[in-house]
Asks: 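Let me begin by handing over the structure; questions about it come next.
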Amino acid sequence: MRLYNTLTKQTEEVKPLEPPTVTVYTCGPTVYDYPHIGNWFTFIRYDLLVRALKANGYKPKWVMNITDVGHLVSDADEGEDKLEKGARREGKTAWDVAAFYTDYFLNGLERLNFTKPSYLPKATDHITEQIGLIKALEEKGYTYQISDGIYYDTSKFAKYADFAQLDLDEQQAGARVEYNPEKRNPTDFALWKFSPRDHKRDMEWDSPWGKGFPGWHLECSAMCMKYLGDTVDIHSGGIDHVPVHHTNEIAQSEAATGKPFALLWMHTNHILINDEKIAKSAGNGITLEDVEAKGYSLEALRLHVLESHYRSQSKFSWNSLEAAQNRLRNLQAMAALRWQARDTVQDAGTFALDDVAQELKMFLADDLNTPGSLAYLSNVETQLTTVLIEKDMVDHFVDMLGAIDSLLGLNLLEIADISDESKQLIAERERARADHDWAKADELRSKLARAKIGVRDTSSGPIWFPL
RNA sequence: GGCGCCUUGGCGGAGCAGUUACGCAGAGGUCUGCAAAACCUCGUAGACGGGUGCAACUCCCGUAGGCGCCUCCA
């Protein structure tokens, strides 16, 4: 399996430290509000990564964290904690807000048919580990204290700028934010922030340096190392994390352990809506509820994610979701053939159902080429809907659907057989057609359509499909 | 100001130096009692201008436009 590695800027073979296990860390959500569709796009892409790894013989150990403290609203450690801000907005405590949106997120993973991560650790459950990491950094001389917290001195980590190819001097010149003048370097970041004197935070902990809370970047390093070891095989997240969050994770982790933090870094590009990135301020933060309210299924959303490559900046619109929904319907029509096998079919051809899984797997093994896998699947669909299924092919056909589902998560196996009543209507319509009672035949077709069942007539009899 | 990316047919969206990506929508046709089904065909796609190749959408240079990051962000 090959993936593009942000670290080396090239596509390379996945080489886990201890195959067949492959450790994967994904930077998860900050649970202060409803995730928008762009967040879900990214997470679905990592679900696909894990599915692809499994299909290609690996045993993924997947950790996705829940950021429930410390994620600051704005710039260089000056801003407010997102959780505390969310709490004020909703008149709750930060703990309540975190619990609510954590539940919402976990529920979303199920609604979207995610592979279950091996661990979904919360930052607030790992304060001890985070303090331990700061201590390690302190012992090695990477930290310093200023009035509002303990900071990491990025000038002590020689290759700080390498990962994101940062030009630190030039950046400084054009920076749009004012940095805390107490900091030694503009890129230095908080490891531990002291609680403010004037009010009590909902979330705060004791530490060797005083009461406060951990900086945002710290949690990922601490939890990744706790669950997956000092060196993780694949570390992943949104492309926006490259210059700051992941750069800082590398700095603090490698400074503490002296080992590479991740062998391969994988980053997903963002989707745009109306050629703009998604931001709450732009009012384009579409949620899963919005998608469903417009009558689109979450499977259609997932299919839409598959239609573009994870490294390209793709566009989202209701039109394109509509297209995905229609495309999904056609795949579901193919899946419905499992209930409608014929004793014999004309020209069964030489189509090899067993090859489908292998082919799809190869597309995904090629840097998650999901658009290629769908193009292939469309060709399969065209052949099968033309040829139909013979009874002794059904087992193979169901296996094929299962393989598609386990790779792409489209729930094609969930397309159920129709009721006996509906089958009788279809049979009745056939009799009407035989009697040339076209009015009755068309009426029955309308009746079936109201039950979301479509019918097409073929030389080997009627075929139904879900509308 | 710095760094990087992108520009493909109505829409979405890939790969590839020379063979149809694919899907959705649309047009024409075939079949059928009819069809909203199915099948076939079609739209003379590659921002623009140069260059290197026998050959470029696919490599190089330039121009125009767009986007992302440098600041919380999937």
Side-chain angles (χ1 to χ4, degrees), chain A residues 26-30 32 35-46 71-80 82 85 161 164-179 186-187 216 236-245 267-272 275-280 303-304 306-317 319-331 333 363 366 369-379 381-382 385-386 388 432-433 436-439 441-442 445-446 449 454-459 462-465 467:
Chain A
T26 298
C27 283
T30 300
Y32 70 109
H36 57 62
I37 205 174
N39 299 319
W40 290 118
F41 259 65
T42 290
F43 297 136
I44 288 171
R45 292 191 147 136
Y46 292 119
H71 200 157
L72 302 178
V73 165
S74 74
D75 69 43
D77 308 305
E78 299 285 308
E80 211 175 347
K82 286 190 172 189
K85 186 182 180 187
Q165 294 176 295
L166 302 175
D167 184 335
L168 300 178
D169 294 334
E170 290 299 337
Q171 267 188 214
Q172 225 173 314
R176 281 172 282 168
V177 290
E178 286 185 26
Y179 289 101
T187 47
W216 172 47
S236 59
I239 196 170
D240 49 289
H241 284 146
V242 174
V244 180
H245 183 51
H267 292 100
T268 49
N269 213 321
H270 288 175
I271 58 167
L272 304 179
D275 292 327
E276 289 180 347
K277 72 172 193 163
I278 299 174
K280 288 255 156 49
L303 184 65
H304 190 27
L306 294 167
E307 287 183 314
S308 61
H309 189 84
Y310 77 92
R311 282 196 284 123
S312 60
Q313 193 178 56
S314 56
K315 301 172 196 167
F316 175 86
S317 68
N319 273 348
S320 54
L321 185 57
E322 173 86 24
Q325 177 97 303
N326 290 341
R327 185 178 199 167
L328 177 68
R329 286 227 175 91
N330 290 332
L331 286 171
F363 278 106
D366 177 19
N369 183 358
T370 55
S373 72
L374 287 185
Y376 171 76
L377 200 54
S378 288
N379 290 330
E381 175 205 315
T382 298
T385 49
T386 309
L388 304 183
R433 291 180 71 225
H436 291 224
D437 186 351
W438 311 124
D442 290 346
R445 182 159 58 196
S446 304
V455 183
R456 64 184 173 100
D457 300 316
T458 74
S459 53
I463 294 286
W464 62 263
F465 53 94
L467 287 176

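Sequence lines set the chain letters: A, B, ... in the order given, protein chains first and strands last, and positions in each chain run from 1.
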Asks: For the P atoms, the ones on B/C54 and on B/C22, what distance do you get once it is rounded to whole angstrom?
Replies: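 Per the computed distance, 31 Å lies between those P atoms.
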Asks: Is the closest side-chain heavy-atom distance between A/Ser236 and A/Thr26 below 4.5 Å?
Replies: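 Sidechains of A/Thr26 and A/Ser236: in contact.
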Asks: I'd like to check A/Ile278 versus A/His270 (side-chain heavy atoms, cut-off strictly below 4.5 Å). Are they in contact?
Replies: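 Heavy-atom side-chain distance check fails, nothing below 4.5 Å.
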Asks: Please compare A/Ile37 and A/His304 by the position of their nearest nucleotide in RNA chain B and report the one closer to 5'.
Replies: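 Looking at the nearest nucleotide for each, A/His304 comes out on the 5' side.
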Asks: Measuring only the C1' atom in each nucleotide, how far is B/G2 from B/U19? A whole number of Å is fine.
Replies: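 To the nearest whole Å, 44 Å.
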Asks: Tell me what A/Ser317 touches on the nucleic acid: a base, only sugar-phosphate, or nothing, going by heavy atoms under 4.0 Å.
Replies: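 The residue A/Ser317 makes no contact with any strand.
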Asks: At under 4.0 Å between heavy atoms, which parts of nucleotides 13-26 of chain B does protein reach? Answer with one letter per nucleotide, 5' to 3': B base, S sugar-phosphate only, - none.
Replies: SS------BSSSS-
Asks: With sequence neighbours left out, write down each residue that passes side-chain contact (heavy atoms from CB on, under 4.5 Å) with A/Ser317, or none if nothing qualifies.
Replies: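 For A/Ser317, the residues satisfying side-chain contact (heavy atoms from CB on, under 4.5 Å) (neighbours in sequence not counted) are A/Asn319, A/Ser320.
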Asks: Tell me whether the side-chain N or O atoms of A/Arg45 pair up with the base of B/A74 as donor and acceptor below 3.5 Å, since no angle test is needed here.
Replies: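 Answer is no: no donor-acceptor pair is held.
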Asks: Base, sugar-phosphate, or nothing: which does A/Ile271 touch, judged by heavy atoms less than 4.0 Å apart?
Replies: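 Base, at least one base atom sits under 4.0 Å.
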Asks: With syn defined as a glycosidic angle within 90° of 0 and anti as the rest, where does B/G65 land?
Replies: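 In terms of base orientation relative to the sugar, B/G65 is anti.
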Asks: Quick check for you: to the nearest 0.5 Å, what is the distance between A/Lys277 atom NZ and A/Asp240 atom CG?
Replies: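 Spacing of NZ (A/Lys277) from CG (A/Asp240) equals 7.0 Å.
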Asks: Please give, in whole Å, the distance from B/C67 P to A/Asp240 CG?
Replies: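 Computing the A/Asp240:CG to B/C67:P distance gives 18 Å.
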Asks: Quote, to the nearest angstrom, the C1' distance that separates B/G43 from B/A25.
Replies: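 Pairwise C1' distance, B/G43 against B/A25, rounds to 13 Å.
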Asks: Taking the same atom, P, in B/U58 and in B/U7, what whole-Å distance lies between them?
Replies: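 Each nucleotide's P atom is 11 Å from the other's.
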Asks: Is it true that a side-chain atom of A/Thr370 and a backbone atom of A/Ser308 form a donor plus acceptor pair closer than 3.5 Å?
Replies: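 Such a contact is found between A/Thr370 side chain and A/Ser308 backbone.
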Asks: Tell me the stems RNA chain B sits in, counting at least three consecutive Watson-Crick or G-U wobble pairs, each under 3.5 Å on both distances.
Replies: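 For RNA chain B the paired stretches long enough to count as stems (3 pairs minimum) are B:1-7 with B:64-70, B:10-12 with B:22-24, B:26-30 with B:38-42, B:47-51 with B:59-63.
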Asks: Could you tell me whether A/Gly454 contacts a base, only the sugar-phosphate backbone, or nothing, with contacts defined as non-hydrogen atoms closer than 4.0 Å?
Replies: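 Here A/Gly454 touches no strand at all.
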Asks: Going by ring pair (Phe, Tyr, Trp, His ring centres under 6.0 Å), name the residues that satisfy it together with A/Phe316, two or more places apart in sequence or in a different chain.
Replies: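 Checked A/Phe316 against ring pair (Phe, Tyr, Trp, His ring centres under 6.0 Å); matches are A/His304, A/Trp318.
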Asks: Decide whether A/Arg327 and A/Ser378 meet the rule of one side-chain donor and one side-chain acceptor closer than 3.5 Å.
Replies: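 Yes.
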Asks: Just to be sure I understand the rule, does A/Val242 reach a base, reach only the sugar-phosphate, or reach nothing, if contact means heavy atoms closer than 4.0 Å?
Replies: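 The answer is nothing, as A/Val242 stays clear of every strand by at least 4.0 Å.
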Asks: For A/Trp40 and for A/Ala439, find the nucleotide of RNA chain B with the closest heavy atom, then tell me which residue's nucleotide is more 5'.
Replies: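 Nearest-nucleotide comparison on RNA chain B picks A/Ala439.
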Asks: side-chain contact (heavy atoms from CB on, under 4.5 Å) with A/Thr42: which residues, sequence neighbours excluded?
Replies: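 So A/Thr42 forms a side-chain contact (heavy atoms from CB on, under 4.5 Å) with A/Tyr46, A/Thr268.
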Asks: Grab the CG-P distance between A/Asp457 and B/U32 for me, whole Å please.
Replies: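 Those two atoms, CG and P, are 12 Å apart.
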Asks: Expressed as a whole number of angstroms, how long is the span from A/Lys277:NZ to B/G4:C1'?
Replies: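 Computing the A/Lys277:NZ to B/G4:C1' distance gives 15 Å.
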Asks: Taking the P atom of each, how far is B/U52 from B/C70, in whole Å?
Replies: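 It comes out at 41 Å once rounded to the nearest Å.
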Asks: Suppose you measure atom P in B/U8 against the same atom in B/U30; what distance do you get, rounded to whole Å?
Replies: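 Rounded to whole Å, the distance is 36 Å.
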Asks: The side chain of A/Asp442 is closest to which nucleotide in this list: B/C34, B/A38, B/G68?
Replies: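 The listed nucleotide nearest to A/Asp442's side chain is B/C34.
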Asks: Which residues pass the side-chain contact (heavy atoms from CB on, under 4.5 Å) test with A/Val244, sequence neighbours left out?
Replies: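 side-chain contact (heavy atoms from CB on, under 4.5 Å) check on A/Val244 returns A/His217, A/Asn248.
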Asks: Taking atom P of B/A35 as reference, at what distance in whole Å does atom CZ of A/Phe465 sit?
Replies: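 Interatomic distance, CZ of A/Phe465 to P of B/A35: 15 Å.
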Asks: Looking at the side chain of A/Arg456, which of B/A35, B/C70, B/G68 is the nearest nucleotide?
Replies: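 Closest nucleotide to the A/Arg456 side chain: B/A35.
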Asks: Using the P atom as the point on both nucleotides, what is the distance between B/U20 and B/C57, in whole Å?
Replies: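 Pairwise P distance, B/C57 against B/U20, rounds to 15 Å.
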Asks: Grab the CG-P distance between A/Asn39 and B/C72 for me, whole Å please.
Replies: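 The answer, rounded to whole Å, is 17 Å.
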Asks: Write down the distance between CD1 (A/Ile239) and C1' (B/C67), rounded to a whole number of angstrom.
Replies: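 In whole Å, B/C67 C1' and A/Ile239 CD1 are 11 Å from each other.
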Asks: Is the shortest heavy-atom distance from the side chain of A/Asp457 to the side chain of A/Arg433 under 4.5 Å?
Replies: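 Yes; the side chains approach each other to less than 4.5 Å.
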Asks: Please report the interatomic distance CG(A/Asn330) to CG(A/Leu377), rounded to the nearest 0.5 Å.
Replies: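 Separation between the atoms: 11.0 Å.
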Asks: What's the gap between B/C40 and B/C31 when it is taken at their C1' atoms, as a whole Å value?
Replies: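 Here B/C40 and B/C31 have their C1' atoms 11 Å from each other.
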